[in-house]
Protein chains: 2
Amino acid sequence: MTVNTLHRPTHRDALVHLESAFEDGEMCTVFGRCTVEYDGRATSELGPGDRLVILKPDGSILVHTDEKRTPVNWQPPGCTHSASVRDGRLRIRSTRSNPDERLDVHFERVDQCSVYRVNDRSDLELTGSEEDLRQHILANPSILEAGFEPLETERQSDAGPIDIFGEDADGVPVVVELKRRRVGPSAASQLRRYVDALHREFGDDERVRGVLVAPSVTERATSLLEREGLEFVALDPETGEPPVEDDEGNENDAADENDENDAGEGGEDGESDEKAASDA
Amino acid sequence: MTVNTLHRPTHRDALVHLESAFEDGEMCTVFGRCTVEYDGRATSELGPGDRLVILKPDGSILVHTDEKRTPVNWQPPGCTHSASVRDGRLRIRSTRSNPDERLDVHFERVDQCSVYRVNDRSDLELTGSEEDLRQHILANPSILEAGFEPLETERQSDAGPIDIFGEDADGVPVVVELKRRRVGPSAASQLRRYVDALHREFGDDERVRGVLVAPSVTERATSLLEREGLEFVALDPETGEPPVEDDEGNENDAADENDENDAGEGGEDGESDEKAASDA
DNA sequence: TCTTCCATGTCGAGG
DNA sequence: CCTCGACGTGGAAGA
């Protein structure tokens with residue numbers, strides 16, 4: 001049995017169900033009317049309402065309402081879950097130390113309590129991160145600029161580690177700062193700190209270039225870069241190539257993407273592709 | 001009926017169930033063996049495994065494994081959900097534009113499909129934020145330093161808005177930067193940018209003090225502050241008072257907290273307080 | 001452990 | 001819309 005569900009259980013039945021799930025290291029969900037209290041790095045209170053609580057065997061707990069991607073309350077992995085019945089309510093408690101934190105959920109009514117047997121060995125494969133961008137540049141430095149030669153990654157400086165440190169065609173030191181998405185002034189400031197640090201390190205008479213690499217840049221950042229004598233190179237972290245730009249600062253490219261509507265309609269099973277808007 | 005659950009439904013039954021939930025703006029969950037593909041700001045692939053998918057009426061979708069607080073895949077609010085049956089699999093798709101993104105979940109087996117009627121009007125009340133810290137200081141400026149007088153919050157400068165701008169007992173301008181938790185060098189840099197900006201604004205001969213306020217500070221940040229001639233004041237955002245420190249950098253305070261074990265045992269209902277470790 | 005920094009960050013406020 | 005900064009950020013990698 002991969003799922004074991006109680007419908008409108010008594011608190012005591014839900015309690016037994018949950019405790020066996022904790023014991024067996026299984027994931028479970030509880031839906032019903034509850035209040036939530038949290039105390040730890042901050043403190044919060046949530047009045048009565050219907051929520052979905054997810055308890056994971058790694059010690060994490062999520063309290064979800066019907067809005068937002070972020071849970072209204074939670075606890076990260078490493079906590080210890082416990083359950084009890086007190087004053088006619090089902091209490092789910094999750095605690096940890098370092099920092100000392102406690103999350104309490106009190107259910108006055110439990111509509112559903114499910115336990116799931118999870119079998120999942122697959123790992124997520126993701127591309128398009130800053131690390132990918134770095135690999136693109138190291139594999140083919142000329143995409144940054146003809147004659148650029150990377151010398152070191154994560155090079156330490158007074159201002160922190162420099163993403164890529166290298167030299168241009170003329171042997172001038174270059175600080176490269178990478179961002180996987182559109183950058184604002186803060187990235188320019190960060191780059192300036194690195195360049196300043198190398199200035200101090202090398203001596204004021206040695207020139208040091210600073211290059212910010214990202215798919216795009218805000219106007220404010222552009223002007224700050226200009227003021228600071230820094231440079232910008234537009235590169236897409238996924239492809240390692242200059243991103244498609246239409247006329248102006250607008251980054252919305254209207255590339256027509258109509259895959260998935262290819263053939264395929266001769267399959268065995270009947271097809272049904274009805275939609276319903278859920279973005280009220 | 002607040003919860004409507006299908007146990008091991010056919011894909012077609014699950015499809016109908018989901019579409020009526022989308023139509024009615026209700027939250028739902030699907031558990032079963034699936035694969036996930038994402039393409040948008042980045043690109044990802046996830047091979048077959050058992051996961052819990054949560055679809056919210058605001059357009060968000062979460063794909064949870066039995067580990068981590070963060071979903072293995074997701075889409076933020078504002079997306080449009082749709083479902084279909086193709087090639088013998090249940091496909092749940094969530095799309096949005098700006099940025100153009102798509103998340104596909106293909107179920108080869110559905111163990112459970114639930115629809116929840118959510119009634120939740122309560123708002124979360126949280127204390128201990130940076131805003132709380134600001135209120136503490138504005139209400140009682142002497143906790144920062146005797147004679148400190150706040151003049152302006154969010155004061156604009158070349159380097160951005162300054163949390164609190166004021167004067168010390170001698171009438172010297174003071175820039176106050178607030179952080180709700182332990183700060184590193186980046187906060188010190190930020191403060192320096194503000195102080196520099198006011199220097200340029202006031203003229204180089206006018207002294208400007210910079211004060212970083214947080215519950216604690218890293219060593220690297222301390223040395224940076226020293227180099228830059230900036231100051232640090234330790235304050236807890238929750239209480240507005242100097243945080244408890246034991247001997248050294250260690251921030252773990254062993255305050256004994258034994259509430260909840262008070263009386264209360266004379267209640268009507270039987271008590272049951274069994275625990276089970278879930279932090280495997 | 002503690003520190004540092006990236007993230008498909010998410011979220012809210014303000015222009 | 002875009003832009004900016006806080007967050008109980010979470011998570012991973014390095015010291």
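What you see is a predicted model; the values in this text were computed from it and never measured. Just so it is clear: chains get the letters A, B, ... in the order the sequence lines come, proteins before strands, and each one is counted from 1. Both backbone and side-chain heavy atoms feed into the values below; hydrogens, waters and symmetry mates do not.
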Touch class at under 4.0 angstrom, heavy-atom based, for A:Pro161 against every strand present: sugar-phosphate
For B:Arg200, side chain to side chain donor-acceptor pair (under 3.5 Å) partners two or more places apart: none
Interatomic distance, B:Asp123 CG vs C:dG12 C1' [rounded to whole Å]: 14 Å
Length of the line joining A:Glu154:CD and C:dC5:C1', which is rounded to integer Å: 9 Å
Contact state string [nucleotides 7-15 of chain D, B base, S sugar-phosphate only, - no protein heavy atom under 4.0 Å]: SBBSSS---
Integer-rounded Å distance: C:dT8 P and B:Asp104 CG: 19 Å
Sugar-phosphate, base or nothing in reach of B:Pro99, heavy atoms under 4.0 Å: nothing
Atom pair distance, as rounded to whole Å: CD1 in A:Ile162 and P in C:dC5: 12 Å
Pairing residues for B:Asp120 by the salt bridge (charged side-chain N to carboxylate O under 4.0 Å, His left out) criterion, not counting sequence neighbours: A:Arg51
Gap in Å between the two C1' atoms, one belonging to C:dC11 and one to C:dA7, rounded: 14 Å
Test log, rule salt bridge (charged side-chain N to carboxylate O under 4.0 Å, His left out), inputs B:Glu177 and B:Arg192: CA-CA 10 Å; B:Glu177 172 65 22; B:Arg192 183 173 71 118; over 6 Å; no
Between C1' of C:dT8 and CZ of B:Arg102, the distance in whole Å: 15 Å
With sequence neighbours excluded, residues passing side chain to side chain donor-acceptor pair (under 3.5 Å) with A:Arg227: none
Short N-O contact, A:Glu201 and A:Arg155, less than 4.0 angstrom: yes
Whole-Å distance separating the CD atom of B:Glu37 from the P atom of C:dT8: 17 Å
Show every donor-acceptor pair shorter than 3.5 Å between a side-chain atom in residues 65-76 of chain B and any protein atom, with sequence neighbours excluded, or say none if there are none.
{"from": "B:Thr65", "atom 1": "OG1", "to": "B:Glu67", "atom 2": "N", "distance (Å)": "3.2"}
{"from": "B:Thr65", "atom 1": "OG1", "to": "B:Glu67", "atom 2": "O", "distance (Å)": "3.3"}
{"from": "B:Asn73", "atom 1": "ND2", "to": "B:Ser44", "atom 2": "OG", "distance (Å)": "3.1"}

Residues that A:Ser129 engages under side chain to side chain donor-acceptor pair (under 3.5 Å), provided they are two or more places apart: A:Asp132
Value in whole Å for how far the C1' atom of C:dC11 lies from CG of B:Asp58: 12 Å
P atoms of D:dC4 and D:dG8, separation to the nearest Å: 22 Å
Nearest-Å distance once atom C1' is located in both C:dC6 and C:dT10: 14 Å
Length of the line joining A:Asp132:CG and C:dC6:P, which is rounded to integer Å: 15 Å
